[in-house]
There are 2 protein chains.
Amino acid sequence: MSANAREDILAAAKLVAQAHGYAGLNFRDLAEQVGIKAASIYYHFPSKAELATAVAKRYWEDAAAYLESLLQNSPKPLDALRRYPETFRWALENDNRICLCSFMSAQFDDLPDVVKTEVQAFTDVNVAWLRKTLVAAKVASPKEAEKRARAIYSGIVGAQLMARSRADISLYDSLIDGYRAAGLLPA
Amino acid sequence: MSANAREDILAAAKLVAQAHGYAGLNFRDLAEQVGIKAASIYYHFPSKAELATAVAKRYWEDAAAYLESLLQNSPKPLDALRRYPETFRWALENDNRICLCSFMSAQFDDLPDVVKTEVQAFTDVNVAWLRKTLVAAKVASPKEAEKRARAIYSGIVGAQLMARSRADISLYDSLIDGYRAAGLLPA
DNA sequence: ACCTGAACACCGTTCAAGT
DNA sequence: ACCTGAACACCGTTCAAGT
């Protein structure tokens, strides 16, 4: 445990949410990981909804920052595009977790509205980046890019979910290959 | 409530699992819907794991039967293939639910092993049908068909999940269109 | 055969109270 | 400021008892 309980809670909660979702976020286990008591979490976050909101907000902010740096540091936009599926591979590598946003999308009915907003922001960030990069890489025309970006995003989300259900990361790679072969992703 | 409590429990549990997942299946609410007490469910199913197993088994059996009838009743295999995305649209039409198998795939870590087996069987049924139908429709060669079938399945699963997160069924249709435009699904 | 009340051990959540 | 004990509501499960 570090000197900053709030940051420790956020970090631990992110991992729990990626493995067990919103319903699986439990304050007793979370507190134990951080080294405080469950009730103490409520000093830092007024409710489970607020904690989940903070986690999801941090999550899309980090994603946005990473995607920008990926684009900046790639020789060509097409290179960044080719590496996009990697970002969703990491969760699977990390103990067969999935995207926090995907898990919470499944639990949509049980999500407080404030959390829904942040979960949707993650999708928006990804789709906007894909649209921009598809156009820059001349893979799609400005007119087609939005639809193509959404199709790529949902395809990758589905691949991650399916790979999790088999606890098989090679299945993820195979599905991404399948998208390339079929023409959804650039070769 | 009908004359058959066991069937009523299965039917109610299916809907709950499609909206709230395995963790969201609780015997008290379920019993109330069926018109009996929570303890009575244990007369029909020895445990929550066994109930979920029965629900998931019934789910893939029904899917298998429907897909066979779809193929039999279609003029050409390609027609059946074109109608495949409809089967995942129905859950969204039904109060923004999703595939039971997708929800439980997200909750993989929290699933008893017996349930996992039945959840995976649903995927197997769908992928096997797609493979067979892709070959029959000459959309994919026997060699490519397995990979293509899995890519289509995961793509549709992702589209359904993304549409749920916006409670927007037109988004599902748009994503399926995007798959057709990109070449993942036959036009 | 089918169902129930009551109880058990447990868990997430809350808040008044501690330091 | 930061944390906690203790209570509360709830859940899966059991079982003796009811019809």
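Residue numbering restarts at 1 for every chain, and letters A, B, ... go by the order of the sequence lines.
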Checklist line | Mate of D:dC10 where both pairing distances stay under 3.5 Å, Watson-Crick or G-U | finding: none
Check: Looking across every strand, which nucleic acid part, if any, lies under 4.0 Å from B:L25 by heavy atom: base, sugar-phosphate, or nothing?
Finding: sugar-phosphate
Next item on the list: Look at the side-chain N and O atoms of B:S40 and state whether any lies under 4.0 Å from the OP1 or OP2 oxygen of C:dC2.
Entry: no
Notebook entry, point to check: OP1 or OP2 of C:dA1 sitting under 4.0 Å from any side-chain N/O of B:H44?
Noted result: no
Item checked: Base paired to D:dA16 (Watson-Crick or G-U; both N/O distances under 3.5 angstrom) -> C:dT4
Checklist line | B:Q72 and B:S69 side chains, donor-acceptor separation under 3.5 Å | finding: no
Check: Would you find more than 12 non-hydrogen atoms of other residues, nucleotides or ligands less than 6.0 Å from A:K14 atom NZ?
Finding: no
Check: Can you check the B:D8 CG to C:dC2 C1' distance for me, whole Å?
Finding: 14 Å
Check: Is A:N26 near enough to C:dC11 that one of its side-chain N or O atoms lies under 4.0 angstrom from OP1 or OP2?
Finding: no
Note to self: Rounded to whole Å, how long is the line connecting atom CD of A:E32 with atom P of C:dC11?
What the structure shows: 11 Å
Checklist line | Gap between atoms CD and P, on A:E50 and C:dT14 respectively (whole Å) | finding: 11 Å
Next item on the list: Answer yes or no for B:K116 and B:F108: cation-pi contact, defined as NZ/CZ to six-membered ring centre under 6.0 Å and angle to ring axis within 45°.
Entry: yes
Notebook entry, point to check: Which of these nucleotides, D:dC3, C:dT4, D:dG5, is closest to any side-chain atom of A:A5?
Noted result: D:dC3
Next item on the list: Taking only the side-chain heavy atoms of B:I36 (C-beta and beyond), determine which of C:dT14, C:dC3, D:dT14 contains the nearest atom.
Entry: C:dC3
Notebook entry, point to check: For A:R28 and A:A38, take the nucleotide of DNA chain D holding the closest heavy atom to each; which residue's nucleotide lies nearer the 5' end?
Noted result: A:A38
Next item on the list: Ignoring backbone atoms, establish whether B:K48 has a side-chain N or O less than 4.0 Å from OP1 or OP2 of D:dG12.
Entry: yes
Item checked: Euclidean distance, atom CG of residue A:D29 to atom C1' of C:dC11 [Å, nearest integer] -> 9 Å
Note to self: Can you see whether B:R83 engages B:S74 through a side-chain donor-acceptor pair at a distance of less than 3.5 angstrom?
What the structure shows: no
Check: When all nucleic acid strands are considered with a 4.0 Å heavy-atom cut-off, which category describes B:Y43: base, sugar-phosphate, or nothing?
Finding: base
Next item on the list: Whole angstrom is fine here: how far is it from CG in A:L51 over to P in C:dT14?
Entry: 12 Å
Notebook entry, point to check: For the pair made of CZ in A:F27 and P in D:dA7, what is the distance, rounded to whole Å?
Noted result: 22 Å
Check: So, A:Y179 and B:S154: side-chain donor and acceptor under 3.5 Å apart, yes or no?
Finding: yes
Check: Just how far, in rounded Å, is P of D:dC3 from CG of A:L30?
Finding: 14 Å
Margin query: In whole Å, I'd like the distance from the NZ atom of A:K37 to the C1' atom of C:dG18.
Written below: 15 Å
